[in-house]
Amino acid sequence: MMRRHLLPSSTGIRGRDCGRKYSIFRACSIGAKTPIATFNLKKTNLGYYQQSLRQQHHDANNNRLLPRMSIERASRLFRTVDDEGRALTSQDLTRHCYHLATFGEKQLQLNAYAKLLSLDEILEQASKSDERFRRGCPKSILDGIPVTIKANIAVGKWWEMPNAGSRILTHGKGNATVATTHIDEIYESDIARRLLKQCGAVLIGITNMDEFGMGSLGINNGLHNTLGHDLCEGRQHKSNHSPTYNPLPWIHRISLMTSGTEPNAAGDEHFLKQIITSTPENPHCIEDKNALENLLEEIQEWTRGCNIFEETEHEKSRNKSSTTSPLLSPGGSSSGAAVATAHGSSLLSIGTDTGGSLRLPSAWTNTVGFKPSYGTWSRYGVVSYASSLDTVGFIAGSMECAKIAWDCLQDDSGRTTEINDWNGDVCRDQTARIYHNHDDRDLQSTPRPRSESRSKPLESIRIGIPSAFSLEECPPFISRMWSIGAHHLRNVGGATLVSIPDSKVSSEWVKLSCAAYYVLACAEASSNLSRYDGVRYGLDLDLDADMNIPTFDENETNKFPELSEMNALEERISATRILGFGDEVQRRVLAGTSVLSSDRFHSHYEAAAMVRARLSRSLEAVLRSSTIEHNDERVNGGDDCEKVDVILVPTALSFPCVLNPLFEDKDSMTEGMDSTMAFANDVMTIPISLGGFPSVSVPLFPACCGEHKKIASEEEFDGGKIVGLQVFGHRGSEDIVLKVAS
């Protein structure tokens, strides 16, 4: 495997000098003298399940987690009728998911939800679904299925104002007018209307996220403790930061307390019994009450330990150590969506992906993250971050669930569309038009036909392995799993593996993609977030009254004296953004404003746009278009016979970092990773986002491919590690991408 450094030698940084801090924007500058931000790839923490999962043996059985209800199983049980009636109702399932959500928020302290709907609101939706099943006319296979939606997506009457995890949208001027608006006129996104009204899914709640989608660790929620819903009452941390926690360490512990049912062996009876006997205090139906109580006490000590006992400086240092803490990051920015799906309180979580916001959390939480081609689903009703990159997607519990969700939510050219339905001819997203000219890349095109006589499902598929993505910073374990996944597709699926040399996809452009992404994303964020000025949108502040309100930190209100030399308008705008934006948002807005300034626009922004264009064209050149009518045309020669259908690369080059909520500073909260080093988490997902390509991240265990015995003796192997691999293809090739990922 080729070893690559991330930045070219022209920046003055040698490939092996991984202990230095690299300039994230200098890589895209032409003659820039001062770096705007830095990150260090080599120092990312590789600790994973350091306490709870490292105690496992290296056999396959110790990889097992709790069985998850699938969309297919739930829908089938909804339709199953016996002598006592239907085997399962939507009300039964959604009540159980509500119990899981409350247990996760109150007991496990996962902090996955920005808002959890009341049980009455959930059952009101479920009862309508049950009535449709009784009449024999369900809307879709998603009818009655419990789902969640990310906090930056408008959901109509269920949550009047999406806050995108930011304080600046919680006291906004828009909220004052919502109460007087007719219930049917409340702002609703296209994707929420498609999922809830057209497909009949049941909304459980709104999931937490990093503020405006800026972050990859789930710790940048700008609301701190002020979410206001009942599940967060009484949650008193020493730190005002309330990160979202990865549920896998606790799920693993709970799985050891249950009856021992293997995830793949769990049948209908197992799930029906659990749903019927579920309670808010014990939704997992754990019989050993003492073991459950001990686990919950341990969780309380880790998440609120500073309020239970007084710590010395030595104890703080000990608790911060990654060798003892089981609190892990779920990734971001769609942290809540991944946690809700991994825990089982939601069977499908809708979110957005800008540079890896769905795929990175899915790789860290043993779920499936799917990002379709840019512009596939309208961004109407989505709070903007970087408009040319924001893509609506979802996180599902399995590839089977992901395929069902894609089939239900994708645009059907044969269906009568309503006025707000997105299609290729009438598109709300003007930025998507450059990707979707209808001559040869129409998203509505049908997949290329495959021969039915194939003995293996992927026999006609060519899978590319690009040498440009083989980075030196990739840990040996992830490199090995990448190789195992590729050989599994060849040996079991029958696919053809094709090595993509550096001459076709240049490593230079891949190295620069991370820097280019943050230049472009920060620039667009600076423009999009300029509307939050306290005059048109944002906090409605009374400076004299709001300086001492308990919602705001003391260090923030102390900044007000600095505004004394401004006029009234400048003072209001500055105060609104000081109190409304979190540290990460302010950092990126300032960086974006800098690269758009007259002295840096040409050297930074235009250079980043050039990197994006070159990288996209090089990937397009090796990927087959999704609209070739006859797959066998490759035998006639031409450039297409040398191209590949999809490309396989790792989703992330690191494992979840350890979190410690006892520390006020976010850089201290994450073990071995500061806020700028966290930029590198998306280095493998960013090139795909820059090109607008469809991608899906799937979890891979060594046992899944029968390789656990071969590598069990290797020092790098840990039976608890889960690696995410992502498959991506040409724009419009979602069906092929999902087929290979399955």
Side-chain angles (χ1 to χ4, degrees), residues 140 142 147 149-150 152-153 189-195 198-199 213 334 337 348-359 362 368-382 384-396 401-415 417-418 420-447 616 619-620 623 625-627 646 685 688-697 726-741:
S140 72
L142 293 179
V147 300
I149 295 179
K150 194 175 177 180
N152 63 341
I153 300 176
S189 64
D190 278 4
I191 189 65
R193 179 183 46 77
R194 182 184 300 277
L195 177 67
Q198 294 182 1
C199 294
S334 302
L348 180 70
S349 294
I350 301 296
T352 57
D353 190 301
T354 306
S357 301
L358 289 169
R359 290 161 287 162
S362 69
V368 174
F370 176 66
K371 182 195 84 71
S373 303
Y374 175 78
T376 298
W377 292 319
S378 173
R379 288 182 294 107
Y380 179 79
V382 177
S384 297
Y385 164 25
S387 300
S388 70
L389 295 163
D390 292 340
T391 306
V392 177
F394 57 76
I395 294 179
C401 295
K403 185 65 170 65
I404 291 173
W406 166 248
D407 291 339
C408 291
L409 293 173
Q410 70 172 323
D411 286 311
D412 185 356
S413 58
R415 177 171 55 85
T417 59
E418 298 180 8
N420 287 333
D421 279 352
W422 181 87
N423 59 64
D425 298 317
V426 182
C427 179
R428 293 182 186 272
D429 296 331
Q430 298 298 323
T431 48
R433 291 184 180 276
I434 60 171
Y435 292 142
H436 309 316
N437 61 60
H438 303 293
D439 295 333
D440 59 354
R441 293 173 192 167
D442 187 359
L443 288 180
Q444 308 302 326
S445 62
T446 58
S616 298
L619 290 173
E620 286 176 355
L623 288 167
S625 173
S626 62
T627 56
V646 297
T685 57
I688 303 166
S689 296
L690 290 176
F693 300 111
S695 176
V696 58
S697 174
Q726 59 178 336
V727 180
F728 71 96
H730 205 289
R731 288 181 282 270
S733 63
E734 284 85 352
D735 291 319
I736 299 175
V737 168
L738 289 171
K739 180 179 180 180
V740 174

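Numbers for residues simply follow the sequence, beginning at 1.
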Flag the pair [X] / [Y] as yes when at least one side-chain heavy-atom distance between them is below 4.5 Å, and no otherwise.
X: L195; Y: V147; answer: yes
X: W406; Y: T376; answer: yes
X: L738; Y: V727; answer: no
X: I404; Y: L348; answer: no
X: V646; Y: I736; answer: yes

Can you measure from [atom1] ([X]) to [atom2] ([Y]) and round to the nearest 0.5 angstrom?
X: L358; Y: T391; atom1: CG; atom2: OG1; result: 9.0 Å
X: T354; Y: K371; atom1: OG1; atom2: NZ; result: 10.0 Å
X: S733; Y: F693; atom1: OG; atom2: CZ; result: 9.0 Å
X: S373; Y: I688; atom1: OG; atom2: CD1; result: 11.5 Å

* To do: Assign the ring pair W377 / F370 to parallel, tilted or perpendicular, where the plane angle (0 to 90°) is split at 30° and 60°.
  => perpendicular
For [X] and [Y], which heavy atoms make the closest approach, and how far apart are they?
X: L409; Y: C199; answer: CD2-SG, 4.1 Å
X: G729; Y: L623; answer: C-CD1, 3.7 Å
X: G369; Y: I395; answer: CA-CG1, 4.3 Å
X: G213; Y: Y385; answer: O-CE2, 3.7 Å
X: V368; Y: S362; answer: C-CB, 3.8 Å
X: V392; Y: S378; answer: CG2-O, 3.8 Å

* Under-4.0 Å salt bridge between K739 and D735 -> no
* To do: Sequence neighbours left out, what passes side-chain hydrogen bond (donor to acceptor under 3.5 Å, both in side chains) with K150? Give chain and number order.
  => S333, S334, T352
* Results of side-chain hydrogen bond (donor to acceptor under 3.5 Å, both in side chains) for T685 - residues two or more places apart only -> none
* Asked: Does any N or O in the side chain of S189 come within less than 3.5 Å of the main-chain N or O of G381, such that one atom is a donor and the other an acceptor?
  -> no
* Asked: Within the side chain of D190, is there an N or O that forms a donor-acceptor pair under 3.5 Å with the backbone of Y380?
  -> no
